[in-house]
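Values below: every heavy atom of this structure, side chains too, minus hydrogens, waters and symmetry copies. First the proteins, then the strands, lettered A, B, ... as listed; each starts at 1.
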Protein chains: 2
Amino acid sequence: MLGLMQSQQLSISSLIEFAARHHGEGQIVSRRVEGDLHRYSYKEAAQRSRQLAGVMDAFDVKQGERVASIAWNGYRHLEMYFGVSGSGRVLHTINPRMHPEQIAWVMGHAQDQMVCFDLTFLPIVKAIHGKCPGVKCWVALCDADQLPLDSGIANLLSYEALLAAQSGAYSWPDLDENTASSMCYTSGTTGNPKAALYSHRSTVLHAYAAALPDVMGISARDAILPVVPMFHVNAWGIPYSAALTGAKLVFPGPGMDGKSIYELIEQERVTFAAGVPTIWQMLLGHMEPNGLRFSTLKRTVIGGSACPPAMITAFNDKYGIEVLHAWGMTEMSPLGTVCTLKNKHLTMSDEDKMKVRLKQGRAIFGVDMKIVDAGGRELPWDGKTFGDLLVKGPWVLREYFQGVGDAAPVRPLIDGWFPTGDVATIDADGYMQITDRSKDVIKSGGEWISSIDIENIAVAHPAIAMAACIGMAHPKWDERPIVVVVKKPGTEVTREEVLAFYEGRAARWQIPDDVVFLDTIPLGATGKMQKSKLREVLKDYQLPDLR
Amino acid sequence: MLGLMQSQQLSISSLIEFAARHHGEGQIVSRRVEGDLHRYSYKEAAQRSRQLAGVMDAFDVKQGERVASIAWNGYRHLEMYFGVSGSGRVLHTINPRMHPEQIAWVMGHAQDQMVCFDLTFLPIVKAIHGKCPGVKCWVALCDADQLPLDSGIANLLSYEALLAAQSGAYSWPDLDENTASSMCYTSGTTGNPKAALYSHRSTVLHAYAAALPDVMGISARDAILPVVPMFHVNAWGIPYSAALTGAKLVFPGPGMDGKSIYELIEQERVTFAAGVPTIWQMLLGHMEPNGLRFSTLKRTVIGGSACPPAMITAFNDKYGIEVLHAWGMTEMSPLGTVCTLKNKHLTMSDEDKMKVRLKQGRAIFGVDMKIVDAGGRELPWDGKTFGDLLVKGPWVLREYFQGVGDAAPVRPLIDGWFPTGDVATIDADGYMQITDRSKDVIKSGGEWISSIDIENIAVAHPAIAMAACIGMAHPKWDERPIVVVVKKPGTEVTREEVLAFYEGRAARWQIPDDVVFLDTIPLGATGKMQKSKLREVLKDYQLPDLR
């Protein structure tokens, strides 16, 4: 027997129309490429999203076809979120930090029909437009009079001119909630990038979940600064959750330095900010020497990579800001776990609370997770045993987008579970902690050594700026760890001093066999260390006892 | 093109399994009919819910068939929420305050196969069991040795004995998310009661929404006391949202008096409580003379009927408790609006904030609403114009359950919108305020007079305990209001004094034409004034100028 409730499909257009109708005056503030602050309301955002839908109709971009963005966090990018997806096209957000060759490759793979970009990224467009014959038009996110005259791009148009030609009298289509809405390519360390293809259903369910008190806790009283880029897994879903709650949005545009971020937080009375640890490091680096304080900021979500304990402490103790550790993936829309306390923790000491806060957190309803051994057997939740982390849920990927054509689908699931490629522990209260990436964990004599643990010890040394731990093949132990170290400018440290530093901080068998000093460690487009490149650099390296 | 995310159905079994897995030690505390406090965990709740599913299998209760509860708020009732619905049966929660004749009628209409009841309600079961031949077994929510021996009910069984015979090794069925999960009959002032039939999808979406910071703001740090009964629209969905977040649950059982509620709040460190105004009045009535304070309570949601301003002020100013005004209906699962502030209100004076707080609030994402005139034309959101309130959304009723058979479906929707039967204003910020029930609003000379406004003025008089305003037919004005008044014990007030009290408090044409003094005003099963019965009492009444 079926229930007798209304059968309304979950849709992205309903998010922006809800915000326009029930939070019409809710503000969206954007620092623009032009340098000034732009300010408008949800009502205007909805109107312009509808105008954008009209533009795509005019260019005959069909349902399900892809429209790309290469843009900072800002109001025009937000209009693409709602206008492109809401009208039944698929928004393809491109990471401008990728190599132009790679950008051209993903655009060809996605068969993008239209590309909208901030003028900052004109050099990228100049470099690739010749390689993208399928693109009907290149749209610069600017006024008509700002359009570069000598770009050499024949089909270059102004976003504002295109919008001005549309009335906004547009009705969103009624879409099946499983319709594709947006896509994001993973950086993929091996082979070509693969894309996650989100649906309206997965996006709206994620938007509900992301706003929960135990996740980002978003309300209509918030002013949210998503520093995490809108090209990076939909800015963790914040634009959708903001529309769902009517929260004020504050977009930093290209101004990602500590000073710009601080000023925006204060000026726009930001209550909640989200970003990767690097950003917060820059913010703290600006505030500390200048003796600055926050007057409205209450909490931050930090994700993308593990947050250094010192940063959590600095925010918590010095500035009274609640730091939420979060974990997710492109394949998870992206949120999987957030580290918020439980009722039982409230009476704990601050020190014990901090031990909980250092973990990546517990699963959000919708997501389930487990850890398994090499044979796929589920491992206990004791906070010590670590294994491969698998997840499932309605906003977790089922298969990768392999392009339109006859490419074989890539179906990574194992009995319905997505293998994250992370190695983790889970404690009895369900708090998960990433110990390593599956490919980075060092398998030594049947035991696993977390490369992250070894790196964290190294960077605690006052003379070490960066450290990477990698496993080197060993005939007896399978692998043995070495640590690659970048010294802080003006400091000195020897191999022996580094190894001595591990004494008492790691078990004897976990201590690296060697220390390699380099001037730099290769970083990827999202700021993560690229261990595969590091291995290339060290291809002639030999472990001490094998020399 | 469809998205490529996992296609997991939304289900009620996943709520309790999530809580058991990720919040296994989360507590559920219940005051029992026996008088003592029972305490267990989500893990045990899930285990016993599975055992209950096994019991229904053993009795051959089929998928989609109805199982009824006549019970207080407690852990066994919670097990029915998950065990009955999760296993594919439909939970029919019965309001024990209905007349036994009416209870027998709804049980026959729903074709309940099994009925579980608290021993408090044995007299009801004794009175009706002979009239319910379709019921396979009557299950008393007690141990085997508490089972009454002389009940005269042949098929009477002990819940605990039945559960003890089941191992709990049970796998929840994979259900289509649109499968019916539970039902609730409306009190229906005309004709027989009609039922709302909820689905797994509507219930889970409502559970996400109800936990949002702008709704009930439920987290794993909360200890929730739902005083609102579990037989009253699923206790506003709190049991589901609690499992979704892992919040501690505290059930009052039959102890609804001010002293019992206060002690439970303090003892179990309750942070959040939900109930109708009458309950809070009793609580304040216990606290004030005893000089008591709350040590952990932070907020309450008050709904079911409009909350008197004095109560909001008392909680806010005297006890520092945030009072959230909410509005919903059985046909809405039930939540429609909650009154939480927006970013723009934060800098307002307390007085201006209070003006906002007195409204029923703004729509939760998922719900849309509008007000229309008699011709169905949408009216402006100016906070003044009032009209019939219509709603829609995925947890709003499409049609009523009319029983299994050939009864014609009752489809109340008007162009996809559900007519609430309420008359309301909506202001420019989307805050809705109920001004009356459609059937109670007085139509006088082409203008509408809110009966609630007239009643609120009367009860502000120190000598008046209760007041009901009703419209009386008038040949010239169509209707004219009169006010029916119950005096407070030991006080006196005259007709002329009451009418004089309206001077300056209502427009001249809104002032009642007459005052009628009665000893009592008839109340319905949910504590609301029954104006239809009042009209029967006054059937021979004549307006002064028609005598």
Sort out for me which of [options] touches chain A most, counting heavy-atom pairs under 4.5 Å.
options	answer
B/Asp429, B/Val204, B/Thr271, B/Asp176	B/Asp429
B/Ser219, B/Ala247, B/Ala243	B/Ser219
B/Glu25, B/Arg21, B/Lys344	B/Arg21
B/Ala196, B/Pro394, B/Ser199, B/Ala209	B/Pro394
B/Thr179, B/Val215, B/Leu175	B/Thr179
B/Gly24, B/Ser333, B/Ala363	B/Ala363

Chain B contact via [X] - which portion, at a heavy-atom distance below 4.5 Å:
X	answer
A/Glu331	backbone
A/Arg89	neither
A/Phe18	side chain
A/Met183	neither

Euclidean distance, [Y] [atom2] relative to [X] [atom1], rounded to 0.5 Å:
X	Y	atom1	atom2	result
B/Thr245	A/Ile364	OG1	CD1	13.0 Å
A/Arg201	B/Gln8	CZ	CD	8.5 Å
A/Asn343	B/Gln27	CG	CD	7.5 Å
B/Thr203	A/Met5	OG1	CE	7.5 Å

Would you mind checking which part of [X] comes under 4.5 Å of any heavy atom in chain A, side chain (CB onward), backbone (N, CA, C, O), both or neither?
X	result
B/His345	neither
B/Ile218	backbone
B/Lys370	both
B/Arg411	neither
B/Ser181	neither
B/Leu346	side chain

Under 3.5 Å: donor-acceptor pair, side chain of B/Asn178, backbone of A/Leu2 =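 Pair absent, no side-chain N/O of B/Asn178 close to backbone of A/Leu2.
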
Just give me the residue among [options] that pairs up with chain B most often, heavy atom to heavy atom, under 4.5 Å.
options	value
A/Glu65, A/His200, A/Gln9, A/Glu177	A/Glu177
A/Ala211, A/Ser182, A/Ser7	A/Ala211
A/Ala207, A/Gly64, A/Ser14	A/Ser14
A/Met332, A/Met369, A/Lys342, A/Lys392	A/Lys342
A/His23, A/Lys248, A/Arg269	A/His23

Measure the shortest side-chain to side-chain distance between [X] and [Y] over non-hydrogen atoms and say whether it is less than 4.5 angstrom.
X	Y	result
A/Gln6	B/Leu413	yes
A/Leu197	B/Met1	yes
B/Leu212	A/Tyr208	yes

Ionic contact status for A/Arg221 with B/Glu322, cut-off 4.0 Å | no

With a cut-off of 6.0 Å (strictly less than), are more than 12 heavy atoms of other residues, nucleotides or ligands near CG of A/Asp174?
-> no

So with a 6.0 Å cut-off around NZ of B/Lys43, is the heavy-atom count from everything else above 12?
->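 Counting other residues, nucleotides and ligands, NZ of B/Lys43 stays at 12 neighbours or fewer.
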
Given B/His22, which of A/Trp381, A/Phe365, A/Tyr431 fulfils the side chain to side chain contact (heavy atoms under 4.5 Å, CB included) condition?
->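 By the side chain to side chain contact (heavy atoms under 4.5 Å, CB included) criterion, B/His22 pairs with just one of A/Trp381, A/Phe365, A/Tyr431: A/Trp381.
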
